[in-house]
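Sequential numbering from 1 along the given sequence is applied to the chain's residues. First listed ligand is number 1; within each ligand, the first listed atom is number 1.
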Amino acid sequence: MGGSTTVAAATAPALEVRRESGQREVFCGLTSIVWLHRRMPDAFFLVVGSRTCAHLIQSAAGVMIFAEPRFGTAILGERDLAGLADANEELDRLVADLLQRRPEIRTLFLVGSCPSEVIKLDLAKAAERLNTRLAGQVRVLNYTGSGIETTFTQGEDQALLAMVPLMPRAPAAPAAEGAAPAAAQELLIVGTLADAVEDRLISLFGRMGIERVRSLPPRHSRDLPAIGPGTRVLLAQPFLSATARALTALGAQLISAPYPLGVEGSAAWMAAAAATFGLDDARVAAVLDPLVERGRRAVAPHREILEGKRLFLLPDSQLELSLARFLQRECGMELVEVGTPYLDRALLESELALLPAGTPLTEGQHVENQLDRVRAARPDLVVCGLGLANPLEAEGIATKWSIELVFSPIHGCDQAGDLAELFSRPLRRRNLLRFS
Ligand code: SF4
């Protein structure tokens with residue numbers, strides 16, 4: 001196993017980014033199906049892959065596989081892999097069977113995997129073919145969730161990107177120089193949020209004066225929001241680089257803000273939208289101030305446990321920079337190292353500006369080298385994937401499973417206390433179990 005490490009300057013002059021490559025301990029993009037299928041109950045995700053892919057999704061989905069599943073795997077057999085069978089014909093047959101059994105499906109995602117990519121099965125063509133055949137009944141889209149192309153949350157980015165071409169075009173803004181009048185502007189929240197969190201945020205935006213708020217992905221897969229020069233895009237998740245680029249290419253404007261994790265990040269996120277819409281400061285403050293006050297009170301008991309504790313984040317979901325910012329600034333933790341699988345400086349500009357000077361940032365992974373640094377630093381808490389959590393616990397190092405962060409409602413000021421608790425809990429448990 002080879003690996004390399006280079007150190008390069010980041011945008012913020014005080015922050016350096018170590019770039020690492022080598023063996024990685026991360027999920028592939030297929031995992032994002034687990035939360036995407038819950039968001040769009042009328043969609044089905046058909047992975048075209050191997051038994052390994054089927055096992056991965058089953059283990060990630062856990063007990064959810066016993067509910068009526070809205071995802072599955074078309075397993076490529078040896079005859080497909082050897083090129084003896086026409087994989088396209090088999091796929092068409094399987095899709096026909098599936099749709100006969102499940103007539104309620106409105107959108108079918110064909111999800112590429114490592115095996116389908118390696119045998120160069122053209123899923124874009126397959127989607128085109130099936131779309132013609134199923135016109136009016138089901139819409140077929142395709143994207144890749146393979147481990148070769150995507151890491152964990154990047155699967156969501158690819159799924160949303162596949163939906164962008166189908167979004168209706170909003171009428172062009174009539175105002176000069178491309179500026180849309182406030183009444184023609186629509187706020188588009190991009191990134192999967194828990195339904196209850198989304199409802200709450202939309203009602204808060206409404207109280208601030210933003211009436212037209214839509215979301216991508218929508219709750220009904222066919223109810224896609226319109227996109228155009230009057231659209232103001234507010235990313236709820238930092239891992240949506242490709243989707244953000246595609247939306248801006250269609251004329252939408254991206255609002256630059258920290259991500260809505262923690263009290264400070266969530267308030268700044270909402271305030272950035274309010275500023276873009278030119279809303280009245282007093283009205284915005286009347287909505288935000290009580291939220292901030294309540295959020296801080298909810299975080300306070302967890303800060304007592306977390307303050308001064310040393311934190312090491314291994315790369316996993318691309319949420320790491322926002323989490324590090326929240327845990328350092330609002331919970332008083334000390335950052336030993338902040339790893340991320342991929343660092344999109346344009347989307348993380350506001351987060352980078354809020355991290356303390358000298359924070360060691362790492363992009364990519366060489367897991368053995370990184371574990372050596374964990375062992376040398378002996379941090380109080382390590383945020384990592386399931387594969388590393390138990391081995392590190394066995395070495396006496398407290399861990400927090402990062403996967404919980406993508407399945408739990410953690411966005412917004414109201415959730416800041418719960419978010420802090422996800423990190424204080426393993427430390428509290430450790431104290432409770434300590435025998436003196
Ligand atoms: S897509 Fe690739 S990395 Fe993901 S489960 Fe399938 S084979 Fe493994």
R296, CZ atom: more than 12 neighbouring heavy atoms under 6.0 Å:
no

Test of ring centre spacing under 6.0 Å for F423 and W401
no

Look at atom 8 (Fe) of ligand 1 and say which protein heavy atom is nearest, naming residue and atom and giving the distance to 0.1 Å.
T52 CG2, 4.0 Å

Measuring from non-hydrogen atoms of G49 to any atom of ligand 1, is the shortest distance under 4.0 Å?
no

Just wondering, are more than 12 heavy atoms of other shown residues or ligands nearer than 6.0 Å to CZ in R51?
no

Atom 6 (Fe) of ligand 1: which protein heavy atom is closest, and how many Å away?
C53 SG, 2.3 Å

If you have a sec, work out which protein heavy atom is nearest atom 2 (Fe) of ligand 1 and how many Å separate them, to one decimal?
C114 SG, 2.2 Å

By number and element, which atoms of ligand 1 are closer than 4.0 Å to a non-hydrogen atom of S113?
1 (S)

Does C28 bring an N, O or S atom to under 2.8 Å of atom 4 (Fe) of ligand 1?
yes

So, the side chain of S266 versus the backbone of V263: is there a donor-acceptor pair under 3.5 Å, distance only?
no

Would you mind listing which atoms of ligand 1 come within a distance below 4.0 Å of any non-hydrogen atom of S146?
1 (S)

Taking CD in Q100 as the centre, count heavy atoms belonging to other residues, nucleotides or ligands within less than 6.0 Å. Is the count above 12?
no

Atoms of ligand 1 less than 4.0 Å from G147 heavy atoms?
1 (S), 2 (Fe), 3 (S)

Answer yes if the ring centres of F71 and F45 are under 6.0 angstrom apart, and no otherwise.
no

